[in-house]
Amino acid sequence: MSQIRPVKFNDQGSRPNINDKNVSKKRETFTQPISFRGKPSAFESLSSDVKKLLEGCEPKPGKIRQFIQNRSIWLSERKGELQNQLINAFFTAFWAPIFIAFNPFTNEDTKTKKYTAWRQPVSAGVALLCSLPLTKVINNYLDKLASEGRIGMYDLRINPTDSFLTKLRKNTEASLKENNKKNFLKKERAVREDLFTKLLSMDPNDISINEKTGVIFCKSTGKEIGHSVSGLATNPELIKYTDSNNLYNLKFRDFMKKHFKFEFYDDGTLKPEALKHNMENVKAMDFLRTLGLFKEGEVTEPDVIRAILKIRQEAITESGIRSLFPSLRDDTIHKLANIYGQLAARVGQAQTGAKSFYEEALTLEQFLHPLRLEGNELQKLMNSTVAEVLDNFSRIYLKNLDIADCEVKTANGFMQTQYKRIFEGANGKTLEDFAKIIIKNEAKKVASHFSTFKAYAGIAVNLPIAILACTILNWAYPRIVECVAPELVKDDKKGGNK
Amino acid sequence: MKISPLNSFNKYIGKNLNKAASWGWMRNACEKGLAHPVKAGAAMMVLSIVSKDIVGCILYTTQSWNNKKIPEQKRKFLAMTDLMNGIIMIGGQLFAGKIIEKRFGPWLTGKYFTGRNTIQNKENGTIEYKPIHETKAPFAPDNVYQNYLTLVKNNKEKLKKLGMKVDDEKILGEIGNEIVNKYGVKGEKGKAIEAGFAIIVTSLGTMALVKRTIAPLLSTPLAGYVKHKYIDKDKKGQNTEKKSNNPDDELLSHTMAPWNQNTIDDSFKKVMSK
């Protein structure tokens with residue numbers, strides 16, 4: 001489920017001052033979803049009344065299906081070790097006893113069967129008592145480590161987990177109230193007044209608050225309006241933390257350095273061998289994600305293959321280029337077709353099923369190799385718009401291919417049309433915006449990876465706990481049954497099971 | 001800056017966890033979890049339960065086998081029951097989990113909710129979606145689109161007043177496509193249902209059916225058979241049992257095979273009479 005995170009970027013690239021009067025305006029602009037689609041879609045441009053009416057299209061299944069649907073949604077939001085344990089305990093406690101107590105294959109009397117059946121709910125209870133608290137504690141601890149950036153592979157500082165944020169909020173609130181009650185109240189009033197005037201101008205039915213993070217947002221547009229006073233916006237520690245960690249100032253080049261180990265300013269790394277060394281682990285999957293070819297959070301393998309196939313179809317063959325631009329020389333056409341063929345050829349191999357896509361994917365280095373960009377040229381690109389970048393990219397690209405100047409203009413047009421498909425409607429956005437999208441996607445990816453890791457960690461930790469639970473069960477089972485159903489035990493001791 | 005011992009402990013743990021996170025299989029598992037959340041959720045559940053069953057099976061079998069408070073004859077039968085129970089549970093759950101993941105689960109989800117069946121392409125291993133026709137699945141794109149069309153048809157005047165271009169077919173189609181993406185299978189709710197329902201079906205198939213229904217029913221006769229055929233072979237006639245106060249004895253009674261009921265009943269009577 002989508003949740004509005006308190007960590008956001010603004011268009012200045014830094015955290016806004018909470019006392020600034022223009023903050024509300026700024027926040028509205030920077031929380032707008034950054035879209036590569038340029039203009040709003042047909043649905044987005046509809047008025048809120050029409051959208052409300054169209055909500056009636058939402059499927060409304062029958063009662064039974066509705067029941068299952070609600071349970072399914074509940075389960076999908078809570079994937080992990082805790083949920084597995086609860087499901088297991090449910091079946092152990094409520095399902096298994098029925099089949100033991102009414103087992104048609106045994107000819108024992110009902111009391112013996114009932115005595116044996118009691119073992120199941122007891123074992124479920126013991127298992128839950130042993131493993132639930134531990135799993136919860138371990139999960140929270142892992143959340144803390146990842147959110148503080150201590151696990152390098154799962155650095156969630158940019159996208160902290162809910163449990164971490166909730167705890168942080170509670171702690172800072174408590175410390176603020178204790179140490180600096182006066183200042184806290186003063187600030188609280190100022191923020192409240194600002195927020196109050198803003199809220200007054202809005203439709204009250206359109207406002208909602210995220211209980212966990214304290215973010216107030218507009219229901220229909222999903223825009224963040226502000227934070228409830230005790231929320232994180234007034235939390236100076238978080239502001240200090242994010243500022244000191246440079247989370248809001250992360251530039252595209254820094255991002256590339258961090259995630260692709262690619263230093264733009266260092267001339268040494270731009271030599272092909274060094275570049276290769278730095279880039280050989282980056283797969284085409286990452287590259288395509290980098291290009292923003294997918295909707296956020298929907299990156300799947302078939303999507304990747306489909307997207308590359310799309311490129312392949314559009315990555316025109318020599319004859320295709322010739323028909324489009326008849327004035328180009330043959331060797332130019334050959335070079336262009338060669339570049340676009342690189343991606344296509346590798347994907348073609350993967351498609352035929354020789355090896356899986358992951359193994360055979362084209363590395364970013366292989367794609368960027370013909371570019372051989374100069375450090376200062378890239379430096380210039382950092383603050384220009386995507387359209388300008390495309391223009392520059394294609395110029396540099398063609399220059400490196402030793403294409404004659406008179407042909408650059410024509411070929412430039414070709415390159416631009418090719419790239420524009422990839423950066424569809426990105427005109428007017430700066431590379432920094434683009435970098436933000438990449439960071440957002442990267443953060444989501446890391447969060448998903450971390451949840452998988454947490455699930456495995458839960459399984460590993462719970463194995464020794466299972467041994468403990470078995471031992472406790474052996475001790476507890478006869479005693480609990482004696483307390484709960486003494487008639488079963490008494491009769492047994494008399495030897496009355498026959 | 002002062003470094004607290006807790007801080008350095010956290011640092012140490014984080015460093016080691018990072019090592020574990022960079023193992024090849026862990027990275028692959030993470031990538032798969034991101035690419036196929038539905039499959040990963042259900043598979044993780046099966047793995048979690050089966051891993052505990054393996055530990056439980058080994059533990060229960062050795063405990064029963066070495067528990068000298070239980071008479072020898074019963075002890076072995078009990079141990080065999082535990083072993084058979086474990087084997088059926090582990091094998092059965094893995095088998096059922098695989099079948100549900102590949103065939104039954106996607107089909108059931110498609111038929112009753114999403115209107116699409118996921119199929120693995122055998123040639124290149126990719127996952128494809130095949131629409132299930134003639135279905136009443138509420139989240140099927142066709143059905144959502146139909147809902148949308150009827151809604152527009154019924155509220156034509158109202159929508160016109162609100163400023164929607166009802167007569168422009170192109171715009172209507174565009175809006176319809178977005179509505180299908182929003183409320184259909186690809187929407188937030190549709191995805192959540194696909195993932196959650198897979199967990200429900202897998203848990204019913206593995207835990208309810210195999211672990212809690214088939215395993216207890218089958219393990220009893222199988223244990224009797226194994227004990228009779230392999231363990232009692234050399235020790236016929238030996239009866240060195242002692243009276244036991246252990247409540248685990250009662251487990252024996254429900255684990256008796258119907259076909260050797262009489263022999264064991266006889267030995268049981270002998271023990272009781274001593």
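Keep in mind that this is a model prediction, so the values were computed, not measured. Quick note on labels: first sequence line is chain A, next is B, and so on, each numbered from 1.
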Whatever's closer than 4.5 Å to a heavy atom in chain B on A:L463 counts as both

Beyond-backbone contact of A:V50 with B:K161, side-chain heavy atoms, under 4.5 angstrom
no

For A:K51, salt bridge (Lys or Arg N to Asp or Glu O under 4.0 Å) partners two or more places apart:
none

With sequence neighbours excluded, what pairs up with A:E55 under the salt bridge (Lys or Arg N to Asp or Glu O under 4.0 Å) test?
none

Cut-off 4.5 Å, heavy atoms of chain A, and the answer for B:Q63 is side chain

Are any of the side-chain heavy atoms of A:K60 and B:P138 separated by less than 4.5 Å?
no

Report yes if some heavy atom in the side chain of A:Q69 is under 4.5 Å from a heavy atom in the side chain of B:F139; otherwise report no.
yes

Options B:T206, B:L17, B:T150, ranked by heavy-atom pairs under 4.5 Å with chain A, top entry
B:L17

Region of A:L473 that comes under 4.5 Å of a non-hydrogen atom in chain B:
side chain

Interatomic distance, B:T213 atom OG1 to A:F91 atom CZ [nearest 0.5 angstrom]
9.5 Å

Is it true that A:E58 and B:K189 have a side-chain N and a carboxylate O under 4.0 angstrom from each other?
yes

Under 4.5 Å heavy-atom distance to chain A, tell me which part of B:Y145 shows up: side chain, backbone, both or neither.
neither

Less than 4.5 Å to any heavy atom of chain A: does that hold for the side chain of B:I179, its backbone, both, or neither?
side chain

At a heavy-atom distance under 4.5 Å, which candidate from A:L142, A:L54, A:I98 has the highest pair count against chain B?
A:L54

Is B:K211 in contact with chain A via its backbone, its side chain, both, or neither, using a 4.5 Å heavy-atom distance?
side chain

Taken to the nearest 0.5 Å, the spacing of A:F453 CZ from B:N18 CG works out to 8.5 Å

From the list B:G56, B:A208, B:G176, the residue making the most non-hydrogen contacts under 4.5 Å with chain A is B:A208

Heavy-atom pairs under 4.5 Å with chain A are the metric here; pick the option from B:I54, B:N143, B:L47 that has the most.
B:L47

Please rank B:A20, B:S22, B:A198, B:G184 by heavy-atom pairs under 4.5 Å with chain A and give me the top one.
B:S22

Side chain to side chain contact (heavy atoms under 4.5 Å, CB included) between B:K19 and A:I151, intermediate numbers included
CA-CA 9 Å; B:K19 267 185 201 167; A:I151 311 175; over 6 Å; no

Are B:K52 and A:I459 side-chain neighbours, meaning at least one heavy-atom pair lies under 4.5 Å?
no

Under a 4.5 Å heavy-atom cut-off, does chain A meet the side chain of B:F113, its backbone, both or neither?
side chain

From B:I199 atom CD1 to A:W74 atom CH2, the distance as rounded to the nearest 0.5 Å:
10.5 Å

For a side chain to side chain contact (heavy atoms under 4.5 Å, CB included) check, start with the C-alpha distance between A:Q120 and B:R212, then their side-chain angles and the critical distance, and finish with the verdict.
CA-CA 10 Å; A:Q120 302 302 323; B:R212 298 295 175 208; 3.6 Å; yes

Let me confirm one number: the CG-CG distance from A:L53 to B:N155, rounded to the nearest 0.5 Å.
5.0 Å

To the nearest 0.5 Å, how far apart are CG in B:L34 and NE2 in A:H449?
5.0 Å

Against chain A, label B:M45 side chain, backbone, both or neither, depending on which of its atoms sit under 4.5 Å from a heavy atom there.
both

Between B:W25 and A:Y456, is the gap from one ring center to the other below 6.0 Å?
yes

Over all atoms of both residues, closest heavy-atom pair of B:S48 and A:N84
CB-ND2, 3.5 Å

Can you find a heavy atom in the side chain of A:S72 that is under 4.5 Å from one in the side chain of B:I200?
yes

Over all heavy atoms of both residues, which pair between A:I73 and B:A192 is shortest? Give the atoms and the distance, please.
CG1-CB, 4.1 Å

Which answer fits B:A137, side chain, backbone, both or neither, if we ask what part of it has an atom under 4.5 Å from a heavy atom of chain A?
backbone

With a 4.5 angstrom heavy-atom cut-off, could you sort out which part of A:T92 is near chain B: side chain, backbone, both or neither?
both

Pick one of side chain, backbone, both or neither for B:L59, based on which atoms fall under 4.5 Å of a heavy atom in chain A.
side chain

Counting only heavy atoms not in B:Y112, do more than 12 fall under 6.0 Å of its OH?
no

Begin with the C-alpha distance, continue with both residues' side-chain angles, and end with the deciding distance and a verdict on side-chain hydrogen bond (donor to acceptor under 3.5 Å, both in side chains) for B:N10 and A:Y141.
CA-CA 9 Å; B:N10 286 345; A:Y141 182 62; 2.6 Å; yes

For a quick test of reading the model, state the closest non-hydrogen atom pair linking B:V144 to A:P59 and the distance between them.
CG2-CG, 4.1 Å

Got a second to check how far B:T109's OG1 is from A:I68's CD1, nearest 0.5 Å?
10.5 Å

Considering all heavy atoms, the nearest A:I87-B:S203 contact:
CG2-CB, 3.6 Å

